[in-house]
Amino acid sequence: MSMCRICGGSVKEFLDFGRQPVSDAFLAPGDVDGEFLFRLAVGFCTTCTMVQQLEEVPRERMFPQDYPYRSSGSTAMRSHFEQAARHFLGTQLTGPDPFAVEIGSNDGIMLRTIQEAGVRHLGVDPAQSAAEGAAAQGIRVRTEFFEASSAAAIRASDGPADLIYSANTISHIAYADSVFAGAATLLAPDGIFVFEDRYLGDIVEHTYFDQIYDEHFYLYAVRSVQAMVARFGFELVDVEHLPVHGGSLRYTTARAGERQPTPAVAEWLAREETQGLADISSYEKFAAATRAVCADLVELLTSLRAEGKRVVGYGATAKSATVANYCGLGPELIPYVCDSTLEKQGRLTPGSHIPVRPPAAFSDPYPDYAVLFAWTHAEEIIAKEQAFRDAGGKWIVYVPDVHLL
Ligand code: SAH
Ligand code: TYD
Ligand code: ZN
């Protein structure tokens, strides 16, 4: 048993994916030797219920200056973050000279709406090349990791923040104590710290096992987040379910005692109780379902190859690193994967070394089957690539089970 990174309790391991690469560490062809691998395993804290990884990857390896992930590649995500920004502009950011800080601002997908509204803001993100994209649009960014020390520096130069917002980033940060200490220093007395991340309830319910990879150090649920924020002087005051990334929750937190929690908090806690999210047996079932999906996917791909069918991948997602490396999929089963991210094209997927090609390669010529690794964008991609199905092509989706579309 290892020790919980939040509360020091015992963490019981329930799923081991073995040696895995850093999920966004795409390789230059010819640069595959000495690839960094770590043991990707997850467990459940028997004290605070936080689901977490057992081995921590150094943060500079996951988020180097040339980190290739770009948030703005999806129309649905652009509209999601514009809505989030508009919501905050109409609620928390209405006082005189409000100040908003975003942790993990990436290419500015959320802050561009705040900036256009003329509201004082600051993005914090260590990924230099992504941050440069944000800065080029006039967004203020500090290229560094948010933690206690950088938060104190921001507070000293810009004053207190009315809103600290973060999407798909807080759960990536193992050193939660430092992040919350920073938030406590930076936040105005009546400010709110809002973060959204993939939801453990959706992951367990639908066997979204590929949501487990290095960057997702914690898999949050309402109960574990409530306990975590309370430990660091905050209170969970609202919870909202979001349809993005296969199901996420937005957690609104305030300094303890500052705001009355909405009924949603208790409702979500009750729902998690019914779902069995605090029972280790739920995770054991999830692990068994994961192994079954992998076996089915390998069987399908192997039989398609035996029939001489052409299969490629679509979406060189971080999630696909777990699928490819856990199930043992390489270029012999999937000769290439198409992806719209310029920073990933021409490179090889981590661990599995499948070449990444631009979406134009997809129709040149169309394959018989395509594994939809970017399944959280299924609607957008299937609509955009309608000609593939018109030509007789079939999508292979592996969550919640292996099926064809
Ligand atoms: N918010 C965006 C980006 C998520 S990817 C979205 O939802 O699409 C996670 C981002 O967090 C990366 O850009 C990474 O560089 C950044 N990040 C990782 N650790 C961080 C930290 N301690 N402080 C600020 N940003 C961090
Ligand atoms: P994302 O869903 O953020 O997944 P992860 O967090 O697992 O990396 O990434 C989506 C990937 O799919 C990204 O690399 C861009 C790619 N993509 C396309 O190639 N075409 C598209 O139309 C969309 C929406 C995404
Ligand atoms: Zn714990």
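All values reported here derive from a predicted model rather than from experimental measurement. Just the heavy atoms: all of them, side chains too, but no hydrogens, waters or symmetry mates, feed the values below.
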Residue pair [X] / [Y], side-chain heavy-atom distance below 4.5 Å:
| X | Y | answer |
| --- | --- | --- |
| Y366 | R310 | no |
| Y218 | I173 | no |
| M228 | C48 | no |
| T207 | V399 | no |
| S320 | V337 | no |
| I396 | L304 | yes |
| F26 | T349 | yes |

[atom2] on [Y] to [atom1] on [X], rounded to 0.5 Å:
| X | Y | atom1 | atom2 | value |
| --- | --- | --- | --- | --- |
| F286 | L219 | CZ | CG | 7.5 Å |
| S248 | H241 | OG | NE2 | 7.0 Å |
| D368 | F388 | CG | CZ | 8.0 Å |
| S282 | L200 | OG | CG | 9.0 Å |
| I334 | Y314 | CD1 | OH | 15.0 Å |
| T252 | Y165 | OG1 | OH | 10.0 Å |

Salt bridge (Lys or Arg N to Asp or Glu O under 4.0 Å) contacts touching residues 289-304 (sequence neighbours left out): none
Qualifying salt bridge (Lys or Arg N to Asp or Glu O under 4.0 Å) pairs with a residue from residues 243-254, counting only residues at least two apart or across chains: E196-R250, E240-R250
Main-chain N/O of F193 paired to T253 side chain as donor or acceptor, under 3.5 Å: yes
Contacts of type side chain to side chain contact (heavy atoms under 4.5 Å, CB included), residue E267, not counting sequence neighbours: P263
By side chain to side chain contact (heavy atoms under 4.5 Å, CB included) - contacts of E144 (at least two apart): V124, R142, S150
Within 45° cone and under 6.0 Å: R59 NZ/CZ vs Y175 ring: yes
Return the set of residues passing side-chain hydrogen bond (donor to acceptor under 3.5 Å, both in side chains) with [X] (not counting sequence neighbours), or none when no residue passes.
| X | result |
| --- | --- |
| Y213 | H216 |
| D162 | none |
| Q92 | R259 |
| R223 | none |

Summary of disulfide bond (SG atoms under 2.5 Å apart) pairs that have at least one residue in residues 251-293, sequence neighbours excluded: none
Qualifying disulfide bond (SG atoms under 2.5 Å apart) pairs, either residue in residues 258-363, two or more places apart: C294-C327
Side chains of [Y] and [X]: any donor to acceptor distance under 3.5 Å?
| X | Y | result |
| --- | --- | --- |
| S74 | E380 | yes |
| Q211 | R198 | yes |
| D125 | Y67 | no |
| T341 | D339 | yes |

Closest contact, heavy atoms only, [X] versus [Y]:
| X | Y | result |
| --- | --- | --- |
| A184 | R255 | O-NH2, 2.7 Å |
| R112 | S72 | NH2-OG, 3.4 Å |
| Y398 | L372 | CE2-O, 4.1 Å |

Listed partners of D16 passing salt bridge (charged side-chain N to carboxylate O under 4.0 Å, His left out), at least two apart: R39
Contacts of E82 that satisfy salt bridge (charged side-chain N to carboxylate O under 4.0 Å, His left out) - sequence neighbours left out: R86
Presence of salt bridge, R140 and D158, under 4.0 angstrom: yes
Geometric class of the F195/Y251 ring pair [parallel <30°, tilted 30-60°, perpendicular >60°]: tilted
Pair Y220 + W268: ring centers closer than 6.0 Å: no
From CA spacing to verdict: side chain to side chain donor-acceptor pair (under 3.5 Å), D66, S129: CA-CA 6 Å; D66 61 351; S129 54; over 6 Å; no
